[in-house]
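Numbers for residues simply follow the sequence, beginning at 1. All of these numbers come straight from a predicted model, not from anything done at the bench.
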Amino acid sequence: MTITEWENHSVVLSKSFGGVGLVKHFAVIGDPIAHSLSPVMHNAGYKALNLAADYQKFQVSPEDLGEAVLGLKALGFSGWNVTVPHKETILPFLDELTEEAVRAGAVNTVKVDKGRLIGHNTDGSGFVRSLQEHMELDERQQIVILGAGGAAKGIAMALAPFQAQLCIMNRTPERGAELVGKVLEWGGQAHQEEWGRGAWLAQADCVIQTTSIGLKKEEYPFSLEGIRPGALVVDIIFNPWETPFLQEAKALGCKIVNGIDMLLYQGVNAWEFWLEDKAPVESMRKALYQALTG
């Protein structure tokens, strides 16, 4: 989107925001972006607290990212979320990064503070917050992470400070080894094992599936047979609500969790970063669940 297009869009924004009556403007940018549920939960939160704020979503192509950042700032947005494919490429356009953003090497939340653009990352902390609803995190926990892509990286780096024993498994061993090295560099505990079934199944307290396998309801490349009954099994996919991976885990006696609360809490943490106040978690959760399940 060009600067001219942003300027023209400001008229639409003025109408949708109700003109001067609304004082806080937020958004999410990405490509594609039509599927995003972030406006659903944030706007539900504003309504619950009767806040003068609005949350939009904008499709921004990679080549227009710099202009979009300038446009959002010029239009007076207080902050915005960033989703694929911009989480790393937005870094050069920001003035400052929080420790979470530095550790993750990516930004999913930007705050405008006295004209400065502060990059933050709530993906990992959002996942941790959702995970803590189901288990304690400390050095006793054996946590297996399946995958070593961007989502796995954010999760692993957020878990590192808790000293949990992380086992990284990836179809491409080199990427898995790279993630292990990064966790160790930041003082966490991690090692790598070969992709597939193994002794880890009987030892894991928690298994986290971070790949895109299951988005089309396809079967997982290997079975979870042999997993310890009662283990917590998480799939960061939330649509479908239960992937074949989670369905098998449930049949084997595991407690299962999909990725909806990760989405919820990354949004909650972004809200609290922007507004420096507690977010209405249950109102945001209810809106998300209704949007997904009808």
Side-chain angles (χ1 to χ4, degrees), residues 1-98 100-101 104 106-123 126 263 266-277 279-280 283-284 287-288 291:
M1 186 174 286
T2 67
I3 288 292
T4 301
E5 289 171 326
W6 274 108
E7 290 172 344
N8 291 338
H9 193 59
S10 67
V11 176
V12 179
L13 287 175
S14 177
K15 292 178 181 178
S16 63
F17 287 152
V20 296
L22 295 171
V23 297
K24 294 285 186 181
H25 311 319
F26 301 96
V28 58
I29 60 172
D31 185 17
I33 200 62
H35 67 286
S36 176
L37 294 176
S38 291
V40 171
M41 65 174 164
H42 282 281
N43 284 320
Y46 303 148
K47 183 177 180 181
L49 296 184
N50 196 30
L51 293 181
D54 195 279
Y55 191 106
Q56 307 284 317
K57 58 183 174 184
F58 301 118
Q59 180 156 326
V60 175
S61 60
E63 61 269 25
D64 293 331
L65 178 59
E67 288 186 288
V69 169
L70 290 175
L72 285 166
K73 182 179 178 182
L75 286 169
F77 278 70
S78 298
W80 55 89
N81 286 127
V82 182
T83 189
V84 292
H86 306 313
K87 291 186 180 184
E88 295 180 356
T89 53
I90 198 172
L91 297 180
F93 302 107
L94 305 177
D95 299 305
E96 183 182 333
L97 300 178
T98 64
E100 291 84 355
V107 161
N108 82 319
T109 302
V110 176
K111 179 178 182 178
V112 182
D113 185 8
K114 298 176 182 177
R116 291 176 56 79
L117 302 182
I118 313 300
H120 187 40
N121 191 296
T122 68
D123 283 333
L263 174 64
Q266 66 80 24
V268 166
N269 287 355
W271 169 303
E272 294 176 355
F273 178 65
W274 288 326
L275 298 174
E276 300 178 3
D277 201 0
S283 296
M284 296 169 75
L288 273 181

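Here the side chain of K73 pairs no donor or acceptor atom with the backbone of V112 at under 3.5 angstrom. Remark: side-chain polar atoms of E100 are not paired, donor with acceptor, to backbone N or O of T122 under 3.5 angstrom.
A distance of 6.0 Å separates CG in N269 from CD in E272, rounded to the nearest 0.5 Å. For the atom pair CZ of F77 and CG of D54, the computed distance is 8.0 Å after rounding to the nearest 0.5 Å. Taking CG from L65 and OG1 from T89, the interatomic distance works out to 5.0 Å, rounded to the nearest 0.5 Å. Once rounded to the nearest 0.5 Å, the distance linking CD of Q56 with CZ of F58 reads 5.0 Å.
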Test side-chain hydrogen bond (donor to acceptor under 3.5 Å, both in side chains) on N121 and T98 and set out the steps.
CA-CA 8 Å; N121 191 296; T98 64; over 6 Å; no
Please assess V60 against W80 for the test side-chain contact (heavy atoms from CB on, under 4.5 Å), listing each intermediate value before the final yes or no.
CA-CA 13 Å; V60 175; W80 55 89; over 6 Å; no
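For the pair L75 and H25, the minimum side-chain heavy-atom distance is 4.5 Å or more. Taking the side chain as every heavy atom from C-beta outward, I29 and L72 approach each other to under 4.5 Å.
The side-chain hydrogen bond (donor to acceptor under 3.5 Å, both in side chains) test with N108 singles out one residue from H86, Q266, K87, and that residue is Q266. Just one of H120, E276, E96 meets the side-chain hydrogen bond (donor to acceptor under 3.5 Å, both in side chains) condition when paired with K111; it is E276.
L117 and F93 get closest at one heavy-atom pair: CD1-O, 3.6 Å. Closest non-hydrogen pair, S78 versus W274, comes out as O-CD1, 4.5 Å. Summarising the geometry of V107 relative to V82, their closest heavy-atom pair is O-CB, 3.7 Å, with the distance given to 0.1 Å. Annotation for T83 and G30: closest pair CG2-CA, 3.7 Å, computed over non-hydrogen atoms. Shown here for N81 and A270, the closest heavy-atom pair between the two residues is ND2-CB, 3.7 Å. Minimum heavy-atom separation, L49 to P280: CD1-CD, 3.8 Å.
Listed by first then second residue, pairs satisfying salt bridge (Lys or Arg N to Asp or Glu O under 4.0 Å) with a partner in residues 77-86 number zero, not counting sequence neighbours.
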N/O donor-acceptor pairs under 3.5 Å from side chains in residues 34-44, not counting sequence neighbours:
from : atom 1 : to  : atom 2 : distance (Å)
S36  : OG     : S38 : N      : 3.2
N43  : OD1    : Y55 : N      : 3.0
N43  : ND2    : P39 : O      : 3.1
N43  : ND2    : Y55 : O      : 3.1

